[in-house]
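The structure presented is a predicted model; accordingly, all values stated were derived computationally and were not measured. A, B, ... follow the sequence lines: proteins, then strands. Residue 1 opens every chain.
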Amino acid sequence: MTQSADIKQGAQVSPIWILPFIALFVGIWMVYQYQNAKGEEIFIRMPHAEGIITGKTQIKVRSVNMGLITDVKLSDDRKYVMARAEIDKRYKHLLTEDAKIWVVKPRIDQAGITGLNTLLSGVYLEFSPGTVEDTSSYFKLLDEPPLIANDIQGGRFNLLSRDSEVIEVGTGLYYKGYKVGQIETAHFDWQEQTMRYQIFIKEPFQNLVTFNTVFWVNSGLEVDLSADGINIKTGSLSKMLKGGISFTVPEREKPGDIVTAGHIFSLSKNYKKALEQRYFLYDYFVIQFEQSIRGLNPGAPVEYRGIRIGTVVESPAMLIVDDKPAYFATEDTRVPVLIKVEYKRIFHNGQISKTFWQSNLTTWLKKGMRASLKPGNLITGALYVDLDIYADAPPYKTETIASYPILPSISSGFSVLTNQVSEVLTKFNKLNIEGSLSQFEKAMSEYETLAAQVNSLIKDNKTQAIPENFNQTMTQVTQSMAQFDETMKQFRKTMSDYEEGSQVYTEMKSTMAEIKQLSQELQPFTKSLNEQPDMLIFNKDNIKDIEPRSKN
Amino acid sequence: MPYKSILVFLITFLLSACSQNSSSNQTSYYQFYGENSNLEVLNSVDKPMLVISEVKLPGSLNNRGIAMRVNKHQFQNANWHLWSTSPDEMLLTHAESNLVSLETNWLFLTQRGPINQLKNNVYYEVKWHLNQFNGGLNNNAEISGLWQLYRHHNNGTISMVKQQYFTEKQTLKTDGYTGLVSALETLWMKVNKDFILSIENI
């Protein structure tokens, strides 16, 4: 009998295989957990890694820790340092493309002393998130902390300056003395020889910047020495120390529309220059003076009876007529000066003013309006051009030089004075000196008679009585002197208390001697203390004195 | 509680150990002996008067620690051997008593008391300036300096009569600071004697 084997198919997978699967699952789970908890990795490019310590230097946003520097390595070309940092996943959305990052360390700048707490804790990186939505994992470390945080609202504008001195980044912007913003960036455009500043004005003050706004450098202390005299202006102490830029809309000027961000303004050296820039509606004239123009400088005022109407542009005017300099002695010996009549100075509406000037100028000149040089400042000798009506002026005829209309002039100032002195001397020559001398002799003889009369008056008995009154006065003086003498005696007595030999003197002397003695008593102590400062706490060291020895 | 007592004992023991002075040195004070006792000075307008106005010692020589020369240019003041009073005061006092004992025909005064109001016929003043008053290098004591004698005239003017430089040295007879102080006292007496001889010849 044959028995057939009953072959059973065993389990295809041994249950033992569960273990590796569990291990694999746990491993994957751990990797997932690790990756999940790892955080976002970013790279920061920095010029050097001074103070940055791997695993210790933190990255903070508003002093809240958001990450840690995990690695610092030198770039392949050794020109910069690349730091790797791990950012907490919760702050992943803050890693915007326009975010700023900088090192916080002790600094002394315009904002004062900052970052002192990092002296002990070490430096950290401050992260300022931006506003755009796109995120980035690559950042560049800023050299300096940004002046304006990203979340501060306001407007950014540009200033161009050709003549003012360089102003530092961070310098304040003032509107009527109130700080409303500051300079963000400053760079020199070497091609245009111009300083370009970007300024930031905080909200809502950016609305103060309109089309007619003027900007000028407020140096704190302005000294203006010109034909108008000496003008000194000072600001607040902080402004005097730091300086600043001021802006305003000039008086009687309409503000105009609020400008959009990025508008370019001109930055003037001072307020006066800023105002002058507005007088863009003007015409040039040449005035020829038959006298020295020493003291007449470009920028000097042109006035009509004290009302400023223009400015001297060139003194002398560098005009070339027929290839000859018109300002140097040629056939015409007069010295030309170029001026501009700025119409907005006459009336704030430039066009009306221009029409008025142009339509009336000929009439005025025919009536005798002439230009002359007048001293504006006696100390500096600065001159200005004055227009006035002179009824006796020589007749006017229309002239031009190098296409500039000529305003007629008359001599004034020193030349006029010279003429007047000459006239006075002529008159003096005409005086009858001889006749005056005989009159003088006559007067002298009268004085002699008067002297004789005074002499007889003195000898008169009544006059002799006067000394009695005089004696009385003298008695009073003597009494006063006696009182003074008494006072002096009292003073001497008081002083004698302090004289040598007096009790006070002796006491003072003995006190001084005691002080001297005390100081000498303290000599060994101070010497020991000097040699061993801790002798008050510990024992005095057993320093042996040198022992004097006899020869025996 | 027994442990409390032990703790108190331990603290007391530690504190007492800290406060114990382990220094073996003791400070000694010295001064000139001055044998001239029982001296009597009577004021008289007939006697020439001499006021010892000052004895000056520069810098560390006037220190309370007795000065010893270490080398040609260096001094050291003792830490444990001190003058009982400042050297200039001591020298002034002893100059006065020395002079009084040496010369009775003069009236010697210092400026410590009220000034003598009597107008003596002859009125002198002396100033001492010492630049050595210390133990020397060759087992000796050194004293050197100068004195300046001034005459006060009746019209209030002052004129210098004489200026004398002196340098004296004396070998110590006994060891230690006592020997040095003794030698210095002898030298000071000698200098005073020489001064008396000088003014007697004026």
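- Counting heavy atoms from C-beta on, the side chains of A:Ser550 and B:Thr174 never come closer than 4.5 Å.
- The environment of B:Gln31 atom CD is sparse: at most 12 non-hydrogen atoms of other residues, nucleotides or ligands sit within 6.0 angstrom.
- Shown here is B:Lys193, whose NZ atom has no more than 12 heavy atoms of other residues, nucleotides or ligands within 6.0 Å.
- For chain A, no part of B:Asn134 is nearby; none of its heavy atoms comes within less than 4.5 Å.
- Within 6.0 Å of CD in A:Gln33 there are more than 12 heavy atoms belonging to other residues, nucleotides or ligands.
- Between A:Lys544 and B:Gln76, the shortest heavy-atom distance links the atoms O-NE2, 4.5 Å.
- For A:Lys56, the NZ atom is loosely surrounded, since the number of other residues' heavy atoms within 6.0 Å does not exceed 12.
- Among all heavy-atom pairs drawn from B:Tyr177 and A:Ile546, the shortest one is OH-O, 2.6 Å.
- At least one donor-acceptor pair closer than 3.5 Å links the side chain of B:Asn139 to the backbone N or O of A:Arg549.
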